[in-house]
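To keep things clear, I will list the structure first and then write my remarks on it.
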Amino acid sequence: MVIQISNMYKFYGLKSNRVAALQNINLDIGAGEILSIMGPSGSGKSTLMNILGCLDRPTSGVYKFKGRDISRLNDNQLAVLRNQYIGFVFQNFNLLSRSTALANVELPMVYAGVPAAKRRNIAMELLEVVGLKDRMHHYPNELSGGQKQRVAIARALVNHPAVLLADEPTGNLDTRAGTEIIKLFDTLNSIGVTVVVVTHDSDVAIQTRRIVYLRDGEIVSDVSGNNLNKKENRTFVYDTKQGVVEFGRPHERNGRDSF
Amino acid sequence: MKIFETLRIALRGLISNKMRSLLTMLGVIIGVGSVITLVSIGEGVKSSISSQIQGLGSNLVLVTPGKGAVGMNASSLGAAVSELSYEDALAVERNSAAVKSVAPLIESGANVSYQGETKATLLSGTTESYSDVRNSPLAAGSFFSIGDIRGYRHVAVIGDTVRRKIFAGENPVGKTIMLNKTEFKVVGVMDKKGPTLTIDNDDRVFIPITVAEEMLDTNQVNMMFIQAAGPDMVSTAVAETRRIIGSRHEKNDFVVSEQEDILNTFQGIMGTLTGMLGGIAGVSLIVGGIGIMNIMLVTVTERTREIGIRKAVGAKKRDIMFQFLLESVFISALGGILGIAAGFFGSRLLDRVVPNLPTVISPWSVPAAFIFALLVGLFFGIYPARKAARLDPIQALRYE
Ligand SMILES: Nc1ncnc2c1ncn2[C@@H]1O[C@H](COP(=O)(O)OP(=O)(O)OP(=O)(O)O)[C@@H](O)[C@H]1O
Ligand SMILES: [Mg+2]
C-alpha cells in the first residue's frame, strides 16, 4: 500500500464554526492503482487531496505514506516527500504568475537540485507531451484555463512522482482534451505511477478502475473493478440522496464490489 | 538548493518591483554615503591640521602662557595675559645647549597699506630665527637680521596674501609700507604656506620684536617656538626650557609642550570626533535597515501564494528563508555599493562647495560602512524571511 488512511477526521474552524470536512475516512490505495474521487461540491474532495498530498495535516487519525506515519515527519521531510514522491495538480492551477510556463515546470526540479540545463530539457520534453511546446515562454496570464491546467500537470510530473494527485484536472478542458489527459494518466499508471483523480465527470471517472464517492465528508461508496471503462452498456450514475454509485446494475452498490 | 539559483530567484523578486527596491535602497544609500562623507570630513580636518602642526617646523618645542591643557589655550588668539617675555626667550637660547634657536612672537591685528591699498592683517614681532625655526623659506628678499632687531629698524617681511592684496604684481622688496601709520621698509616676502581650514597662514606681516614691543607698548610674548638641536634633544630642550623659564618666573604661568604631544592630543580628539560623526551616520543606516524590514514584510505578505506554491512543490524552510534573506541582503549590498559612490560624490562636492574644508576619504570607512550595511540588511531581513519560511503551505495557498 502506498497510501493508508485509517479513522481520519478533518475539522475546520473552532467551536460553533466547526465544520467537519472529513469524517471517519478509511482509505487504502495500493501502488500502481488509478482511482477517481467523486462527490458533490463541498463534500471534502479537495480537503482529502490536500491531506493526501501532505500539504495539510488531518485533525485526527493516521495517514501512512509508503508505510511511514506522516504525523511523525517534520516540515523538511514533508517538503522532500512532496518534491520527490508526490505530483499535485491543483483545482486552481497554482502557477507562479511571474514565471513562464517553462520556469513553472522547472520549479520542482529547482528544489530537487537538478542542474539548470537538464532541468530545461526535461521541462521542455514534458511541455511537449502536454502539447504546449509552442507556449513555453508564455506567462500564465497569457494561457487559457486548459493550457494552465496542462502546465500544472507537466509540473506535477517532472520529478517522476510515485503518486500523482489531480484535483479536477479536466474541469477546464473540453471532452476531447479531457480524454487526452486521462489517457496520459493511464499511460503514467501503466508505468507504475499511482494516480488519484478528483472529478465531477462520470465519463472521466469511468475510465479509472476504482471510484471513491464522498458525501458530507464521508466515504459513502468505494467501488472498483477491472476495465470499468471497457464494459459495454454500463452507465454510471449517482444518486445524491442515497450516495449510491451504480454501474448499470442497481444492486451493485455501496462497498468495494468488483466485476 | 544551489546558492546561484536562490540568488536568481531573489534578484527577480527585486527586479519585478524596481521602484520599491530602489526606494528601499535609498535608506541604505544615504546611510552608507553619509558615513563615508562625514568620516571624510573628520579625516580631512585631522590630516590638514596634522600636517599644519607638522609643518610648524622640525624638533619643535612650544611655550605658551597660562596653565591650560597642551596646546589648547587661547594665548595664540591674544586673549590671555602673557607673562612670557623676549628676555625669557633670550635666556633659553643662551643657557640651554639642547636649544638651537628660539623664536618668540608678539602678535596683534594691524592695518597694512601701500599706495592707497589697505588691508587688515596679523602683525607679528619676532626674531631673526623665525624663518629657520618655523621652516618657512622666503620667496624674495631676506628675513630681517639680529642687527635689525638690535637697531630697532623699521623693516618688515610680508606674507604672500599681503603681497597679492596690496602689491598687485609689483616687487615689494625695497618698497615702503605703512603699518598702523608707521613706515616700514619691506625686506622680504614669505613663501606661500596655504590655508588651514579657514585660517589664512599667508595673511601676515613680520617685524623685529623690539619694534613690536615699542609700537604695541607691550613686552608680553604670545608664544615661543623653540627649535631643539636635534631629534634626540627635544626632551632635554623641554626640560631645560621649563627649568630656565621657571627660575625666571615666580609662578608656574607657562606651558611647555612638544610638537608630538600637540599632534597626539589633537589627533586623539579628532579621532573621537570622527568616530562620533561616523556613528551618527551609522544610525541613519539602521533606519535604512528598518525600511528594508518594512518592505520585506510587505513583500512576504504579497507573495504568500508564491511561497505556498514553492512549498507545495518541495521548497524547504531554509530555501524560502534563504530566498528572502538574500533579497534583503541584496538590497543592502547594492545600496551599499551605490552608497559608496554617493559618499565619494558627497565628499567631492563638499570639496568644491567649501574649499577650505578639505575631505579625505578614509580607507577604513568604505569597507566598514559597506560591511555594516550588509549586516544591517542581514539582521533586518531575518524576521521577514523567518516569517515567510514558517508559513503553512496550505494556508499560504489559500491566501487571497
Ligand atoms: N479553510 C477552510 N476553513 C473552513 N472550512 C473549510 C475550509 N476549506 C474547506 N472548508 C469546508 O470544508 C468542506 C469541504 O471543502 P472542500 O474544498 O474539500 O470541498 P470539495 O469537495 O473539494 O468541493 P468542490 O467540488 O467544490 O471543489 C466545505 O464545506 C468547505 O466549506
Ligand atoms: Mg475542491
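Letters go in sequence order (proteins before strands), and every chain restarts at 1. The analysis underlying the following values was restricted to heavy atoms, covering all of them including side chains, and did not include hydrogens, waters or symmetry mates.
Comparing Arg310(B), Arg12(B), Lys317(B) by how many heavy-atom pairs each has under 4.5 Å with chain A, the most go to Arg310(B). Between chain B and the options Asn94(A), Leu81(A), Leu55(A), heavy-atom pairs under 4.5 Å are most frequent for Asn94(A).
Using a 4.5 Å cut-off between heavy atoms, Arg398(B) touches chain A through its side chain atoms alone. Interface remark: Arg57(A) contributes no atoms to any contact with chain B (heavy atom separation under 4.5 Å). With a 4.5 angstrom heavy-atom cutoff, Arg303(B) touches chain A only via side-chain atoms. When heavy atoms are compared at a cutoff of 4.5 Å, Ser97(A) does not approach chain B at all.
For Phe88(A) and Phe90(A), the ring centers are positioned less than 6.0 Å apart.
Summarising the geometry, atom SG belonging to Cys54(A) is positioned 7.5 Å from atom CZ belonging to Arg82(A); distances are rounded to the nearest 0.5 Å. With values rounded to the nearest 0.5 angstrom, Ser332(B) atom OG is found 11.5 Å from Ile29(B) atom CD1.
Between Tyr9(A) and Phe11(A), the angle of the ring planes stays under 30°, which puts this pair in the parallel group of the 30/60° scheme.
Put simply, the residue from Val197(A), Val193(A), Ile34(A), Asn189(A) that forms a side chain to side chain contact (heavy atoms under 4.5 Å, CB included) with Leu164(A) is Val193(A).
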